[in-house]
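Presented below is the structure to which this report refers.
One is the number of the first residue; the rest follow in order along the sequence.
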Amino acid sequence: MSELKTKLPETMKGFNDLHKASISDGILPSKTKELIALGIAITVRCDGCIAFHVHDALKAGASSEEIMETISVAILMGGGPALVYGCQAMEALEQFIVLEQ
């Protein structure tokens, strides 16, 4: 992403501004928004997004149980493919928890 920031500075600035505005606390807290983003990332099958949003959900105060429940809802909405990507989200969660210890 740092290379994209160098080569596409206006696009990346716009994306970063959108991200900050969308994820910041509002009526919904940032934690809830990160969990929503994680559920969407699982259902659209975006590996990178899954890792980012598991990390950011933890950073925003989400518990492992909340993340696992988000994975469950994503599987409901996305079916079999979401099950596979839900496993990847669980693996990311486990890796981030190990890093925090």
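Between E66 and K31 there is a salt bridge, since at least one side-chain N of the basic residue sits less than 4.0 Å from a carboxylate O of the acidic one.
With S72 contributing its side chain and M68 its backbone, the two residues share no donor-acceptor pair below 3.5 Å. Side chain of T32 to main chain of L28: no donor-acceptor pair is present (N/O by atom type, distance under 3.5 Å, no hydrogens or angles). Not a single donor-acceptor pair under 3.5 Å links the side chain of S22 to the backbone N or O of H19.
With values rounded to the nearest 0.5 angstrom, N16 atom CG is found 6.5 Å from K5 atom NZ. Here the CG atom belonging to L58 is positioned 9.5 Å from the CG atom belonging to L38, to the nearest 0.5 angstrom. Here T70 contributes atom OG1 and I36 contributes atom CD1; the two are 9.0 Å apart, rounded to the nearest 0.5 Å. Rounded to the nearest 0.5 angstrom, E34 CD and H55 NE2 are separated by 10.0 Å. In this structure, CD1 on I40 lies 8.5 Å from NE2 on H53, to the nearest 0.5 angstrom. S64 OG to M90 CE: the interatomic distance, rounded to the nearest 0.5 Å, is 11.5 Å.
The environment of CD in E10 is sparse: at most 12 heavy-atom neighbours from other residues, nucleotides or ligands sit within 6.0 Å. When the shell of 6.0 Å around CZ of F96 is examined, it contains more than 12 heavy atoms from other residues, nucleotides or ligands.
Looking at every heavy atom in both residues, A89 comes nearest to V54 through O-CG2, 3.9 Å. Of all non-hydrogen atoms in G39 and A74, the two that sit nearest each other are O-CB, 3.7 Å. Closest heavy-atom contact between I67 and A62: CG1-CB, 4.2 Å. Contact record, G86 with I42: N-CG2, 3.8 Å, taken as the closest heavy-atom pair.
Transitive grouping of hydrophobic side chains (ILVMFWY, heavy atoms separated by less than 4.5 Å) brings L93 and L99 into a common cluster.
In this structure, F15 and M1 have side chains that are not in contact, with every pair of non-hydrogen atoms separated by 4.5 Å or more.
Of the residues V44, D47, I71, the one that meets the side-chain contact (heavy atoms from CB on, under 4.5 Å) test with Y85 is D47.
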